[in-house]
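Inspection log for the structure reproduced underneath, given as structure tokens.
In what follows, every chain begins at residue 1, and chains take the letters A, B, ... in the order their sequences are listed.
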2 protein chains.
Amino acid sequence: MVDVARAAGTSQKTVSRVVNAEPGVRPETIERVQRAIAELGFRRHDGASHLRRGTSTASIGLVLEDLAGPFYAALTAGVERRAREHGYLLLTGSADGDAERAGRLVQAFAARRVDGLLIAPNLVGDEVLTANLPPDVPAVLLDRPSADHGTDEVLSDNTGGIAQAVHHLAERGHRSIAYLGDDERFWTSRQRRDGFLAACAERGLRTEGRVSLGVLTPERIAAAVSGWAAAGVTAVVTGNNRASVALLHHLHERTGPRPAHVGFDELDLADLLDPPLTTVAQDAAGIGSAAVDLLFERLATPTLPPRSVVVPTRLVVRRSSPPPDGASAPPVRNDR
Amino acid sequence: MVDVARAAGTSQKTVSRVVNAEPGVRPETIERVQRAIAELGFRRHDGASHLRRGTSTASIGLVLEDLAGPFYAALTAGVERRAREHGYLLLTGSADGDAERAGRLVQAFAARRVDGLLIAPNLVGDEVLTANLPPDVPAVLLDRPSADHGTDEVLSDNTGGIAQAVHHLAERGHRSIAYLGDDERFWTSRQRRDGFLAACAERGLRTEGRVSLGVLTPERIAAAVSGWAAAGVTAVVTGNNRASVALLHHLHERTGPRPAHVGFDELDLADLLDPPLTTVAQDAAGIGSAAVDLLFERLATPTLPPRSVVVPTRLVVRRSSPPPDGASAPPVRNDR
DNA sequence: GGTCCCGATGACAACGTAGTCATAGGGGGG
DNA sequence: CCCCCCTATGACTACGTTGTCATCGGGACC
């Protein structure tokens with residue numbers, strides 16, 4: 001601005017006025033300053049401006065588990081869209097399963113003075129965040145709750161979504177349903193398993209020996225599926241995208257009767273599979289934009305109590321979940 | 001730092017020394033300062049630090065077409081990983097097909113004083129970027145060249161990848177191959193079409209009436225496919241992910257003989273489709289990390305001439321590209 | 001003509017940090 | 001015992017910007 005002022009034959013303060021479109025500058029002065037700005041290629045230094053103004057940086061930080069997965073990509077898109085609507089910029093980073101890395105990201109974002117943080121890594125425990133998150137930086141947890149409920153959070157309706165899957169299968173006549181979950185270090189894996197157990201209990205369905213949670217190795221899946229076949233299982237619910245794909249691979253390479261299958265979380269090509277996969281679709285973009293909304297509300301009113309938003313899921317019935325062999329779908333119950 | 005200094009009974013400058021681990025501070029002083037930092041919850045203001053130091057902000061800006069697509073998600077992951085290895089933070093934004101929005105993103109990133117820009121939106125013309133990109137901010141174009149070759153660029157080997165697909169089909173005995181491309185406003189759509197024409201010419205294959213480029217409406221695809229069937233087409237190459245999916249949907253809802261199909265760009269579930277789809281896989285993450293490498297090289301040596309990096313593709317043969325009916329695969333030619 | 005007021009502009013300080021240089025205190029060598 | 005040098009520390013200033021207040025000139029009004 002000093003250089004521009006010299007070129008325009010005015011003071012640095014007047015340049016500031018022109019740059020910020022403040023009133024009370026003569027039109028011809030504005031003209032001179034703008035010409036000088038164009039000639040010198042001047043750009044305002046936003047960092048210095050924020051420093052002096054003491055205002056926010058109009059940016060938020062997003063910590064993810066990984067950037068490439070479709071769920072996180074859709075979530076990021078939802079976050080970025082809503083943030084941009086507010087004129088905010090988005091900083092992103094992925095933890096890649098490393099709690100220390102997540103902590104460093106949180107600290108780096110905080111040092112950049114982001115206005116708030118959105119924290120989604122599923123494999124990282126609370127302790128790292130509470131150790132790294134400065135108390136004056138508002139944060140929203142995504143897709144996972146905080147243990148002490150001190151922060152806002154946005155969750156998928158895991159329990160309800162799994163219940164949708166179980167009820168759908170039960171209404172089609174399945175009486176022996178299994179659950180295949182991902183690594184139990186994922187909170188969502190455990191949460192959805194619990195939802196599965198609850199929904200089965202509500203339906204009076206047995207679950208003993210029908211639940212498998214853990215790292216998705218082909219061996220574990222093969223063992224689980226063959227055990228289930230022996231137990232008369234006719235339908236499987238998979239607890240996330242990766243579990244769905246793992247089961248599909250297993251079934252793909254194997255002959256014999258195919259259990260009905262409902263997958264939690266939508267797959268891009270679900271309707272092109274053979275058979276097209278019935279899924280419980282999560283609204284990843286909706287989770288992202290809801291989180292941004294929570295964050296802005298908290299920035300406006302820091303004294304709000306911690307809130308928890310549950311984003312509904314949607315059952316997308318395709319052809320992978322027919323009634324079991326020999327049974328036709330019973331009439332739909334009317335009590336729900 | 002002033003507050004910390006008061007609490008520690010020292011000067012602000014000594015706090016700065018402790019924070020930056022500068023030598024020449026007595027251990028007990030360090031101790032006192034660190035205690036005060038912990039008590040007050042002090043964090044250094046990175047923006048002020050960068051301002052005073054006059055150094056870079058250790059951040060780069062990434063402008064994408066959209067954040068949710070699998071190609072862009074993988075690309076972002078590659079960028080973020082490499083940037084983090086250098087201790088850089090990543091700002092992201094999507095243009096969503098809007099050139100003006102892309103320009104605003106470029107300006108916002110430049111005002112934040114990012115050290116460099118990575119620009120990937122495929123639907124946006126050069127003019128917006130040249131109008132918005134300050135000459136002193138290094139930029140790398142991704143997945144699309146610049147018209148005037150003034151900036152570095154990283155491209156997929158579109159021509160070579162399409163040639164891989166054509167040669168693969170030709171070697172299996174196909175003599176009448178068609179190309180289905182996405183909206184021709186995408187530079188990659190046109191580039192891959194040209195690659196298709198060149199590869200067919202090299203093989204002596206006719207292309208008249210076998211190339212369809214444009215918005216992927218079901219109507220256009222149906223018209224193209226039925227036209228091709230009349231022309232004796234036995235194999236189709238699709239020019240990107242969306243074209244592959246569109247064609248798969250069309251084939252899925254239609255009976256009759258199924259042409260062989262090779263898709264440009266990998267699909268997550270390609271091997272679970274029926275039949276599993278032969279693809280030309282792009283290395284999206286490799287494109288991203290190569291772009292970051294180019295950027296850092298230019299930051300180190302601003303006088304480098306503009307460079308163009310072509311990232312190779314990889315043909316993944318699956319079962320959607322068998323020889324045409326009645327033909328067995330001829331022996332593989334040895335001249336290549 | 002004097003006073004008041006308003007529009008336009010500039011001088012100065014401050015945001016939080018780090019570089020430069022000065023200074024105080026202490027120990028060793030002459 | 002004096003001087004020198006080294007260690008530890010602090011005062012001051014600048015980075016680029018904006019808020020505050022002062023100043024200057026001119027026109028309107030009495």
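- Separating the CE atom of B/Met1 from the P atom of D/dG10 is a distance of 14 Å, rounded to the nearest angstrom.
- Looking at heavy-atom distances under 4.0 Å, B/Ser16 makes contact with a base.
- Side-chain atoms of A/Leu51 lie closest to C/dC15 of the nucleotides C/dC15, C/dG19, D/dG19.
- Counting atom types as modelled, A/Arg52 pairs a side-chain N or O with a base atom of D/dT18 as donor and acceptor under 3.5 Å.
- Using a 4.0 Å cut-off between charged nitrogen and carboxylate oxygen, B/Arg84 and B/Glu80 count as a salt-bridge pair.
- Map A/Phe42 and B/Thr10 each onto its nearest nucleotide of DNA chain D; the residue landing nearer the 5' end is B/Thr10.
- Of the candidates C/dA18, D/dT18, D/dA8, C/dA18 carries the atom nearest the B/Lys13 side chain, counting heavy atoms from C-beta on.
- Across every non-hydrogen atom of B/Gln191 and B/Asn158, the tightest pair is CG-CB, 3.6 Å.
- Residues of residues 30-40 of chain B that place a heavy atom closer than 4.0 Å to DNA chain D do not occur.
- Between the side chain of B/Arg26 and the base of D/dA8 there is no donor-acceptor pair of N/O atoms closer than 3.5 Å.
- Counting non-hydrogen atoms under 4.0 angstrom, A/Asp46 reaches nothing in the nucleic acid.
- With D/dG16, D/dC15, D/dT18 as the choices, the nucleotide that has an atom nearest any side-chain atom of A/Ala48 turns out to be D/dG16.
- Nearest-nucleotide positions on DNA chain D for B/Val25 and A/Arg43 put B/Val25 closer to the 5' end.
- Nearest nucleotide to the B/Ser11 side chain, out of D/dT18, C/dA11, D/dA11: D/dA11.
- Candidate nucleotides C/dA8, C/dC15, C/dA18 were compared by shortest atom distance to the side chain of B/Arg44, and C/dA18 ranks first.
- Judged by distance alone, the side chain of B/Arg112 and the main-chain N or O of A/Asp46 form no donor-acceptor pair under 3.5 Å.
- Heavy-atom nearest nucleotides on DNA chain C were determined for B/His45 and for B/Arg17, and the one closer to the 5' end corresponds to B/His45.
- Of all nucleotides listed (C/dA18, D/dT20, D/dG16), C/dA18 comes nearest to the side chain of B/Arg53.
- B/Ser289 places a side-chain N or O within donor-acceptor distance of the main-chain N or O of B/Ala285, the cut-off being under 3.5 Å.
- Heavy-atom minimum distance, A/Ala110 versus A/Val137: CB-CG2, 4.4 Å.
- Side chain of B/Thr29, nearest nucleotide from D/dT9, D/dT20, C/dA18: D/dT9.
- The side chain of B/Gln12 approaches C/dA18 more closely than any other nucleotide in the set D/dT17, C/dA18, D/dG10.
- Residue-level contact check: A/Thr14 touches the backbone only, with heavy atoms under 4.0 Å from sugar-phosphate atoms and none from bases.
- Listed by first and then second residue, the ring pair (Phe, Tyr, Trp, His ring centres under 6.0 Å) pairs involving residues 29-66 of chain B amount to none (not counting sequence neighbours).
- Applying the ring pair (Phe, Tyr, Trp, His ring centres under 6.0 Å) test to residues at least two apart or on different chains, the pairs with a partner in residues 58-96 of chain B are B/His86-B/Phe296, B/Tyr88-B/Phe296.
- Between A/Asn20 atom CG and D/dG16 atom C1' the separation is 12 Å, expressed in whole Å.
- Note: CD (A/Glu22) to C1' (C/dT9) measures 12 Å, nearest angstrom.
- No donor-acceptor pair closer than 3.5 Å links the side chain of A/Ser94 to the backbone N or O of A/Leu67.
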